[in-house]
2 protein chains.
Amino acid sequence: MTSASNDPRWLTAEQRVAWLHMVRVLTRLPATLDAQLERDAGLSFFEYHVLSMLSETSDHTLRLSRLAQLTSSSLSRLSNVVKRLEAQGLLRREPDPDDRRASRAVLTGLGLAAVEQAAPGHVTTVRDLVVDALDDAQLDHLRVAHERILERLDPSSATRPDWFDN
Amino acid sequence: MTSASNDPRWLTAEQRVAWLHMVRVLTRLPATLDAQLERDAGLSFFEYHVLSMLSETSDHTLRLSRLAQLTSSSLSRLSNVVKRLEAQGLLRREPDPDDRRASRAVLTGLGLAAVEQAAPGHVTTVRDLVVDALDDAQLDHLRVAHERILERLDPSSATRPDWFDN
DNA sequence: GTCGCGAGGTTCAAACTTGAACAATTTGTC
DNA sequence: GACAAATTGTTCAAGTTTGAACCTCGCGAC
């Protein structure tokens, strides 16, 4: 026999090329987004993401456990970051009236102003690096591929925002 | 006028959906790869990446500065990780005879064995989450999109391995 | 040659993340 | 109702990353 049957199936040359490209994007894109936001707004991408998720809800409020899902972070990491953001006055924590174990994070006016100030530069960076690098068809193909991947990464769609209709 | 001319151009609904999908992939995929490698091989994805890049060269050797480019890491981060990997006997550092400022990292037999042991599980995960989630055309579209994005992220292609022919 | 600037690496302190342990609820089951 | 199990969130110690400071060496201009 030429190969044991429990070999992992290696990648073909084409698959390997595609994967190695993806790894480079996966490592460089977040670093670049972080650098821009840190430089222009004093926020990490993760902090921006947290504030941004809050700003999308109608009452600017989310339970910490939900916020952890939406940002794909551990509760421990989120707890630390929320504490820092609270110390900066960008949000505040309040007990959840419906469940006394839980806390809710509420965006403050200062926090909303911070996201709104940071957003234009961030959007410009996203355009420069991704959206404007692709034509409409290519961006749509990228969306489809990401949807397929997300079905594997997150079958329950727990990380998908509720307001995300599509 | 309805909008000042220096507004950043906001994303259209379609573009926004595509971008939000990408952000979810960008944050969850590396975390998942990390978890699998840490669990099954005791390596972070970054450590695996370092060892893997070394294993791809003919003499299993790379200058640290080159290795930093290939893994998109700061020299500082790489220096720390290389020190740890050296302490574990997975690689060793030696002075570069051609440039006395430089050091080279050389994969040891133990290091090669570690990559070879970790590789099958890693490849299986990559297949499960990405490669097998897409058909050939979709994977090719993904490759093309990533190539366009990399032209923006890394115009000089400094992070592209030399043996990467394509 | 030698002067100055830039490249290659290391180190240290400060900041951040992780994972385990913990306390306080809530939920489900009998 | 009462008890076990699961959920929510915080905290602490250990490990990792970051950025600035620093040292050594190569390169180019003069």
Side-chain angles (χ1 to χ4, degrees), chain A residues 27-28 30-39 42-50 54 61-88 90-106 156 158, chain B residues 27-28 30-39 42-51 54 61-88 90-106 156 158-159:
Chain A
T27 54
R28 296 202 116 263
T32 307
L33 295 175
D34 255 327
Q36 182 273 323
L37 277 170
E38 197 68 61
R39 177 166 48 77
L43 293 172
S44 66
F45 180 63
F46 181 67
E47 290 168 333
Y48 176 83
H49 200 4
V50 165
L54 286 172
T61 297
L62 282 169
R63 283 168 68 139
L64 295 196
S65 49
R66 181 66 183 136
L67 199 43
Q69 288 181 326
L70 291 175
T71 57
S72 303
S73 84
S74 66
L75 219 30
S76 168
R77 179 187 189 187
L78 184 68
S79 181
N80 284 316
V81 170
V82 162
K83 186 163 44 175
R84 276 175 249 147
L85 293 175
E86 187 172 37
Q88 298 178 52
L90 302 184
L91 56 75
R92 77 192 124 78
R93 272 179 292 192
E94 55 184 40
D96 184 333
D98 299 341
D99 183 338
R100 285 188 307 184
R101 292 170 299 181
S103 306
R104 310 192 311 181
V106 185
S156 72
Chain B
T27 53
R28 293 202 120 264
T32 307
L33 295 174
D34 256 326
Q36 181 273 322
L37 277 170
E38 197 68 61
R39 178 167 48 75
L43 293 172
S44 66
F45 180 63
F46 182 66
E47 291 167 334
Y48 177 83
H49 200 4
V50 165
L51 297 177
L54 287 171
T61 298
L62 281 170
R63 282 167 67 138
L64 294 195
S65 48
R66 182 63 183 141
L67 199 43
Q69 288 181 326
L70 291 174
T71 58
S72 302
S73 84
S74 66
L75 219 29
S76 169
R77 179 186 190 188
L78 183 68
S79 181
N80 285 316
V81 170
V82 162
K83 185 164 42 175
R84 277 176 250 146
L85 293 175
E86 186 172 37
Q88 298 179 53
L90 302 184
L91 56 74
R92 77 192 122 80
R93 273 179 291 192
E94 55 185 38
D96 184 331
D98 299 340
D99 183 339
R100 285 187 305 180
R101 291 169 300 181
S103 306
R104 310 192 311 180
V106 186
S156 71
T159 69

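Atom set for the values below is all heavy atoms of this structure, side chains included, hydrogens, waters and symmetry mates excluded. Model, not experiment: these values are computed from the prediction. Within every chain, numbering begins at 1; the chains are lettered A, B, ... in the order of the sequence lines, protein sequences first and strands thereafter.
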Query raised in the report: Does B/Leu75 offer a backbone N or O that forms a donor-acceptor pair with the side chain of B/Ser79 under 3.5 Å?
Result: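 Pair absent, no side-chain N/O of B/Ser79 close to backbone of B/Leu75.
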Requested in this report: Take nucleotides 3-10 of chain C nucleotide by nucleotide from the 5' end and write B, S or -, depending on whether a protein heavy atom sits under 4.0 Å from the base, only from the sugar-phosphate, or from neither.
Outcome: ---BBSBB
Grab the [atom1]-[atom2] distance between [X] and [N] for me, whole Å please.
X: A/Glu94; N: D/dT8; atom1: CD; atom2: P; answer: 18 Å
X: B/Asp98; N: D/dC25; atom1: CG; atom2: C1'; answer: 14 Å
X: B/Arg84; N: D/dA14; atom1: CZ; atom2: C1'; answer: 12 Å
X: A/Leu43; N: C/dC16; atom1: CG; atom2: C1'; answer: 15 Å

Requested in this report: Measure the angle between the two terminal helix axes of the helix from C/dG1-D/dC30 to C/dC30-D/dG1, five base pairs each, and quote it to 10°.
Outcome: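 About 30°, once rounded to a multiple of 10°.
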Query raised in the report: Quick one: on DNA chain C, does A/Ser74 or A/Arg100 contact a more 5' nucleotide (nearest heavy atom)?
Result: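 The answer here is A/Ser74.
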Query raised in the report: Would A/Arg39 and A/Gln36 satisfy side-chain hydrogen bond (donor to acceptor under 3.5 Å, both in side chains), going step by step from the backbone distance to the final call?
Result: CA-CA 5 Å; A/Arg39 177 166 48 77; A/Gln36 182 273 323; over 6 Å; no
**Report entry** salt_bridge(A/Asp96, A/Arg101) N-O dist < 4.0 Å
**Finding:**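 Looking at A/Arg101 together with A/Asp96, the answer is no, because their closest N to O distance does not fall below 4.0 Å.
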Query raised in the report: Should A/Arg77 be listed as having a side-chain N or O under 4.0 Å from OP1 or OP2 of D/dT11?
Result: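 No, no such contact exists.
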Requested in this report: Map A/Glu38 and A/Asn80 onto DNA chain D by nearest heavy atom, then report which one ends up closer to the 5' terminus.
Outcome: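 It is A/Asn80 whose nearest nucleotide is closer to the 5' end.
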